[in-house]
Structure formats: structure tokens, C-alpha cells
Amino acid sequence: MLEIHVLRENAPEIIEGLKKRNHDFTAPINEILELDEKRRACQQKMDQVLAESNALSRDIGDLFKRGKAEEANAMRAKSAEYKEESHRLKEEFQELDNRMNEALHHVPNVPNTIVPAGNSDKDNEVVHSEGETPNLGENNLPHWELADKYDLIDFDLGAKITGAGFPVYKGKGAKLQRALINFFLDEADKAGYNEVIPPHMVNEESGFGTGQLPDKEGQMYHATVDNLYLIPTAEVPVTNIFRDVILESKQFPIKMCAYTPCFRREAGSYGKDVRGLNRLHQFDKVEIVQIQHPDQSYDTLTTMVDHVKGLLQKLGLQFRILRLCGGDLGFTSALTYDMEVFSAAQERWLEVSSISNFETFQANRLKCRFRDENGKTRLVHTLNGSALALPRIVAALLENNQDADGIRIPECLHKYTGFERID
RNA sequence: GGAGAGAUGGCAGAGUGGUCGAAUGCGGUGGUCUUGAAAACCAUUGUACCGCAAGGUACCGGGGGUUCGAAUCCCUCUCUCUCCGCCA
């Protein structure tokens with residue numbers, strides 16, 4: 001969430017910046033500023049009453065000590081007045097503070113100046129493209145048919161056990177899955193990311209910290225009995241490692257990576273989007289997360305994009321990089337690059353990674369700060385990216401590397417799979 | 001699941017109703033000394049909010065209560081530990 005003092009000082013610029021999201025935030029922001037003003041006035045009154053009340057209590061204490069109980073008792077009535085007054089002001093303050101924060105929670109991050117204007121994914125800007133579309137010939141198959149033909153993934157079995165969108169990976173299909181996870185983790189390790197295995201369920205505070213709550217509540221599976229959420233991405237538990245933490249500048253950059261399954265309800269999805277591996281309720285992903293000094297975060301974003309680029313190059317997949325437009329940008333992000341691979345049999349681009357700089361937006365919710373050169377605490381910048389999400393990578397690998405009687409495994413995976421072909 | 005104990009500053013650990021935001025030790029930072037280092041000594045060392053400032057307020061796991069006054073008493077929630085049971 002935006003910092004109230006920043007909003008207070010730069011409201012017109014922020015309203016202007018948010019227009020890229022195709023939404024006019026003038027009214028809610030004005031309301032926030034109004035509540036903020038009332039809130040501060042109320043705090044001043046409250047603090048003053050408390051100060052007087054505290055002074056009076058000290059005086060009464062002194063009188064008791066000096067044995068002047070009668071005088072002390074005479075002052076109790078006044079004290080009761082202070083108490084009533086301060087209680088009333090505290091209630092008023094909390095009410096104003098809650099309302100202000102509630103409104104503030106629903107204001108998204110301000111897009112970076114280089115974010116293109118636009119309404120939907122059609123307006124995203126292609127900033128890079130490489131690799132060639134393989135020539136598959138006539139009888140090529142989409143990945144769900146290949147998965148069936150070579151007995152790699154069983155969607156029906158998953159539907160029987162759990163429901164649609166929960167596939168069962170089998171045989172070489174399962175081994176390929178494991179190979180990709182290990183390959184991605186090893187590459188992240190080589191790039192200096194520290195691996196963690198976080199919990200796969202998180203509490204409300206964590207969901208709020210990274211911005212999934214309260215806005216995207218419906219996207220997560222919620223275990224209501226214990227009030228825990230299945231993670232939609234490792235971003236949530238990993239970034240929350242740094243909730244309520246004050247870092248030293250010399251600790252930058254903090255680089256973490258994690259493999260986890262990810263759970264998403266994906267309510268409202270339908271059609272060809274959800275066929276096969278295109279959109280699942282449970283999938284595997286290796287995530288990279290960085291915590292950076294505000295001055296360095298955009299350089300870091302570039303290194304993260306380059307890291308993912310390297311993975312796609314090693315896998316030999318045709319891909320492109322998009323700079324998301326304001327209308328497609330996530331709630332918490334200031335700038336996002338999406339990586340898409342070309343799925344040759346489906347003849348469509350599939351998003352396999354999303355790499356974002358959240359600047360201080362998450363840090364403010366997380367209360368993740370660092371001590372700057374002057375010893376003052378400031379909010380850090382947080383970033384994360386998929387490196388990579390497995391299902392669509394598998395879809396593209398199966399489709400793009402198929403021939404008449406099998407599927408070729410890219411060389412970088414051989415030492416992980418133990419086989420070079422699926423047939 | 002049953003029974004009990006506990007939660008204090010970066011850590012350890014005092015404090016059981018009145019200048020306590022909190023002793024002391026360790027750690028951190030700055031300095032003196034030293035060729036350098038160590039040791040020793042001196043100083044400093046929580047966070048947030050309000051305020052131009054002076055200063056004020058809040059916070060001793062969270063919330064509520066008693067009291068003129070609470071880290072200290074009461075209620076409640078959460079978490080941790082010990083024992084028993086169950087168990088991958």
C-alpha cells in the first residue's frame with residue numbers, strides 16, 4: 001500500500017499516475033486525505049488529554065507519598081474526566097484510522113513512468129523476442145494429446161481424485177517435472193539465490209503482507225477451520241520471511257528462491273484457456289525473490305529478467321518479453337515483465353513468468369525496512385519473478401520438440417531426466 | 001487430544017502497582033590507548049505516530065478490564081516449552 005505521507009505530499013501526481021490503470025482514483029484519494037487530516041487532528045487532541053492525565057496521575061502519586069491523601073482524593077474526579085475524554089478520543093481516532101487504512105488498502109501501486117497505457121493484454125508492449133517457431137509438419141499434436149499418447153499426464157485421473165485442474169503426472173512425465181524443478185533450482189543457486197522450502201499454507205497476516213488479501217481473497221483456497229490459505233505462489237511465504245524486519249544496508253541484495261506447488265482457484269476461467277496444462281488449480285513453480293535498496297531495484301529487475309531469459313534460451317524455446325500495460329498490471333506492481341513461450345501446436349503464446357518490482361508497496365504492508373546511511377529507517381523495495389512456472393513450459397516442450405514417434409528432451413535437462421527422448 | 005509452565009529491548013536476563021521505555025551482562029556503533037590488532041576504558045545504542053520546533057503520545061506476545069496510576073492485578077486470544085496419549 002502507498003505510504004500515507006507520500007500520498008499526502010504528492011496526491012495530484014499519484015492520481016495522474018494511477019490513470020494508467022484506467023481508473024480515476026480522485027474520489028477515494030480525496031476521501032483518504034480528508035480522513036488523514038481528521039485523524040491527525042484527533043491524535044493531537046488525544047495526546048494532549050493523555051499528557052494532562054499523566055501529569056495529574058503523577059501529582060496524585062506525589063501527594064499520596066507525602067501523606068496528603070485527602071488532597072489526592074479530591075483530584076480523582078478530574079482524573080475520571082480525563083479518562084472518559086481520552087477513551088472517547090481513542091475510539092474516534094481508531095475509527096478514523098481504520099477507515100483511512102481500509103480505503104488505502106484498495107488503492108493499487110502507481111505504475112512506473114515507462115509502463116505503457118492500455119486496457120488489456122492486447123496493449124502490452126513486446127520489448128524482446130527471440131527463437132524460431134519449429135516446423136512441426138502436418139500431424140502435430142497439442143500437448144494434451146501428446147501427454148495421453150506417451151502416458152505422461154493423466155487429467156481424468158486427477159479429476160477423479162480431486163477435480164478438474166489437478167493432473168496426475170506419470171512415468172517420464174513425472175520425471176520431467178522433477179527434472180525441471182531441479183534444473184531451475186540449480187540455475188537459481190548458481191545465480192546466488194538462497195533456497196528455502198517454505199510452508200505451503202499461510203496465515204492472514206502473510207496474505208495481507210504481499211497484497212493477496214484483502215483484494216484477491218477469492219483466488220486462494222481458504223482452509224476456514226484454521227483460517228489458513230494455500231499459497232498461490234511462493235512469493236507469499238518467501239517475501240513474508242521479511243515481514244516486520246529491519247535490515248542493514250550491507251545485507252542488500254537479499255536473494256531467495258523456492259520451489260513450491262501453487263494453488264489457485266481460477267474462478268471464472270473457461271474454454272481453450274483451461275485445456276490441458278494451460279491453466280491448472282495446482283501447479284509447480286520455482287520462484288525468485290529479491291529485497292533491494294530502492295536505488296538499485298530497477299537494475300535488479302533487469303538482472304532477474306536476464307536470469308529467466310537464460311533459462312528459456314537453455315531450454316531452446318521460442319519466447320518473447322512483454323512490458324505490461326497499465327490495465328494489465330497487477331494490483332501491487334509498479335512494473336512487470338511477462339515472459340511468454342510459443343506453443344507451436346496450439347499456435348499461441350503462453351505466459352510462463354511474470355517478473356515485477358513492487359517498490360515499497362509490499363514493503364509498507366510488510367513493514368520491511370532498512371537503516372540508511374543516516375541511520376534512519378526506510379522501506380525496502382521487493383521484487384519477484386517466476387523462474388519458472390512448470391506446466392506451460394512442459395506444454396511448449398512437448399509440442400515444440402515432437403516428431404513422428406517421440407519427443408526430444410533439451411540437452412540441459414538430460415542429466416536431470418536420465419533420458420533424452422520420450423517415445 | 002489431556003495436564004502443567006511461560007511470553008520483557010538484537011540476545012541473555014532483572015523488574016510483581018507510582019518519573020520504568022524499562023536494571024545488569026553480552027552484542028552493535030563511535031572514541032581513547034596501540035606500529036596494527038586484542039584487551040581495557042569512555043560514550044552511545046528500540047520502534048511508530050503527532051508537531052516547524054521545543055516537546056508530546058503509544059508500545060514489555062495481541063485484545064479487553066480493574067485503578068488516580070499497570071511490564072507488574074483480572075479476563076480472553078495467540079504462540080512457545082515440558083509431561084502423557086496418538087502418529088508420518
Side-chain angles (χ1 to χ4, degrees), chain A residues 1-9 32-105 197-209 213 223-229 237 240-252 254 261 291 360 363-380:
Chain A
M1 88 183 142
L2 300 177
E3 289 173 90
I4 183 63
H5 73 266
V6 173
L7 186 57
R8 204 182 289 151
E9 284 151 29
I32 290 166
L33 293 177
E34 205 176 298
L35 286 165
D36 176 50
E37 210 163 301
K38 285 186 192 162
R39 183 188 66 106
R40 285 186 294 156
C42 184
Q43 185 182 347
Q44 280 178 39
K45 261 191 272 175
M46 178 176 72
D47 283 356
Q48 198 192 331
V49 171
L50 284 170
E52 284 168 22
S53 173
N54 287 343
L56 184 64
S57 288
R58 276 191 291 267
D59 291 346
I60 293 175
D62 281 345
L63 290 172
F64 273 122
K65 265 191 225 161
R66 288 190 278 135
K68 298 184 177 175
E70 270 179 46
E71 273 179 62
N73 283 322
M75 290 161 86
R76 284 190 184 177
K78 185 67 187 164
S79 184
E81 270 175 48
Y82 280 138
K83 189 179 176 177
E84 201 181 318
E85 178 75 353
S86 68
H87 266 75
R88 211 204 80 233
L89 287 165
K90 191 184 177 189
E91 263 175 50
E92 188 182 330
F93 174 80
Q94 276 177 343
E95 149 105 29
L96 289 165
D97 197 50
N98 289 343
R99 277 169 61 196
M100 184 190 77
N101 282 316
E102 173 67 20
L104 205 49
H105 292 162
I197 300 179
H200 296 170
M201 298 184 96
V202 294
N203 58 28
E204 244 178 298
E205 291 75 31
S206 294
F208 175 77
L213 295 175
T224 52
V225 175
D226 297 292
N227 198 24
L228 295 173
Y229 295 86
N240 271 282
I241 291 172
F242 301 95
R243 174 150 51 85
D244 293 323
V245 166
I246 299 177
L247 299 160
E248 297 300 325
S249 289
K250 63 185 174 205
Q251 290 177 265
F252 291 131
I254 291 175
I291 312 282
T360 60
N364 190 213
R365 292 173 159 232
L366 293 160
K367 296 286 167 275
C368 178
R369 293 154 292 173
F370 71 103
R371 235 176 278 282
D372 71 8
E373 309 70 46
N374 306 315
K376 292 190 70 172
T377 57
R378 284 175 64 190
L379 295 172
V380 301

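Protein chains get the first letters and strands the later ones, always in sequence-line order, with residue 1 at the start of each. In what follows, every heavy atom counts, from backbone to side chain, and hydrogens, waters and symmetry copies are set aside.
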Roughly how many Å apart are B:G65 and B:A70, using the C1' atom of each and rounding to a whole number? 12 Å

Would you give me the side-chain donor-acceptor pairs under 3.5 Å for residues 41-54 of chain A, sequence neighbours excluded?
unit_1	atom_1	unit_2	atom_2	d
A:Gln43	NE2	A:Asp47	OD2	3.4
A:Gln48	NE2	A:Glu52	OE2	3.4
A:Glu52	OE1	A:Tyr82	OH	3.2
A:Asn54	ND2	A:Leu50	O	3.4

Can you give me the closest heavy-atom contact between A:Pro198 and A:Pro237, atom names plus distance? CB-CB, 3.6 Å

For A:Arg369 against A:Val380, the heavy-atom pair lying closest together: C-CG1, 3.8 Å

What side-chain donor-acceptor pairs closer than 3.5 Å can you find for residues 242-249 of chain A, not counting sequence neighbours?
unit_1	atom_1	unit_2	atom_2	d
A:Arg243	NE	A:Asn240	OD1	2.8
A:Arg243	NH2	A:Ser206	OG	2.9
A:Ser249	OG	A:Arg371	O	2.9

What does A:Thr377 touch in the nucleic acid at a heavy-atom separation under 4.0 angstrom: a base, only the sugar-phosphate, or nothing? sugar-phosphate

P-based separation of B:A7 from B:G15 [nearest Å]: 11 Å

Interatomic distance at P, B:C68 relative to B:U29, whole Å: 48 Å

Within the structure shown, what part of the strands sits under 4.0 Å from A:Ser57 by heavy-atom distance: base, sugar-phosphate, or nothing? base

Find the distance A:Lys38:NZ to B:C50:P and express it as a whole number of Å. 18 Å

Is any side-chain N of the basic residue among A:Asp36 and A:Arg40 closer than 4.0 Å to the acidic one's carboxylate O? yes

Just the dot-bracket of RNA chain B, please: which string comes out with Watson-Crick or G-U pairs under 3.5 Å, [ ] for crossing, | for another strand? ((((((((.[[[..)..(.....]]]((((((.......))))))(((((....))))).[[[[[..)....]]]]])))))))....

Please report the distance, rounded to the nearest Å, between CG in A:Asp62 and C1' in B:G18. 9 Å

Integer-rounded Å distance: B:C77 C1' and A:Asn227 CG: 14 Å

Just the rounded figure in Å: distance from P of B:C49 to CD of A:Gln94. 17 Å

Heavy atoms under 4.0 Å, any strand shown: does A:Lys83 hit a base, just sugar-phosphate, or nothing? base

Using the P atom in both, what is the distance from B:C41 to B:G25, to the nearest Å? 10 Å

What integer number of Å spans the C1' atoms of B:C81 and B:G61? 15 Å

Hey, what are the protein-to-nucleotides 44-46 of chain B N/O distances that come in under 3.5 Å?
none

Who are the ring-ring contact (aromatic ring centres under 6.0 Å, His included) partners of A:His105, not counting sequence neighbours? A:Phe208

For the C1' atoms, the ones on B:G51 and on B:A58, what distance do you get once it is rounded to whole angstrom? 15 Å

Would you kindly give the CG-to-C1' distance between A:Asp226 and B:C77, to the nearest whole Å? 15 Å

How far, in whole Å, is B:U78 from B:G30 if one measures between their P atoms? 45 Å

Using the C1' atom on both, measure B:C84 against B:C75 and round to a whole Å. 29 Å

A:Asp97 backbone acceptor or donor facing A:Asn101 side chain under 3.5 Å: yes

Below 4.5 Å, heavy atoms only, C-beta onward: do A:Asn364 and A:Lys367 meet side chain to side chain? yes

Rounded to whole angstroms, how far apart are CZ on A:Arg39 and C1' on B:A48? 11 Å

Between P of B:C79 and CD of A:Glu204, the distance in whole Å: 13 Å

Between protein and nucleotides 52-61 of chain B, map the contacts as a letter string: B base, S sugar-phosphate only, - none, heavy atoms under 4.0 Å, written 5' to 3'. ----BSS---

Calculate, to the nearest 0.5 Å, the distance between atoms CG and CZ belonging to A:Leu379 and A:Arg365 respectively. 13.0 Å

Report the residue (A:His87 or A:Gln44) whose heavy-atom-nearest nucleotide on RNA chain B is the more 5′ of the two. A:Gln44

CG/A:Leu96 to CD/A:Gln94 distance, rounded to the nearest 0.5 angstrom? 10.5 Å

With a non-hydrogen cut-off below 4.0 angstrom, is A:Arg8 in contact with a base, only sugar-phosphate, or nothing? sugar-phosphate

Does the pair A:Arg88/A:Glu84 count as a salt bridge with the N-to-O cut at 4.0 Å? no

From CE (A:Met1) to CG (A:Leu7), nearest 0.5 Å: 11.5 Å

Could you measure the distance from the CZ atom of A:Arg8 to the CG atom of A:Leu33? Nearest 0.5 Å is fine. 8.5 Å

Within this structure, what is the CD-to-C1' distance between A:Glu91 and B:G64, rounded to whole angstrom? 12 Å

Using a cut-off of less than 4.0 Å, is there contact between a side-chain N or O of A:Arg369 and OP1 or OP2 of B:U47? no

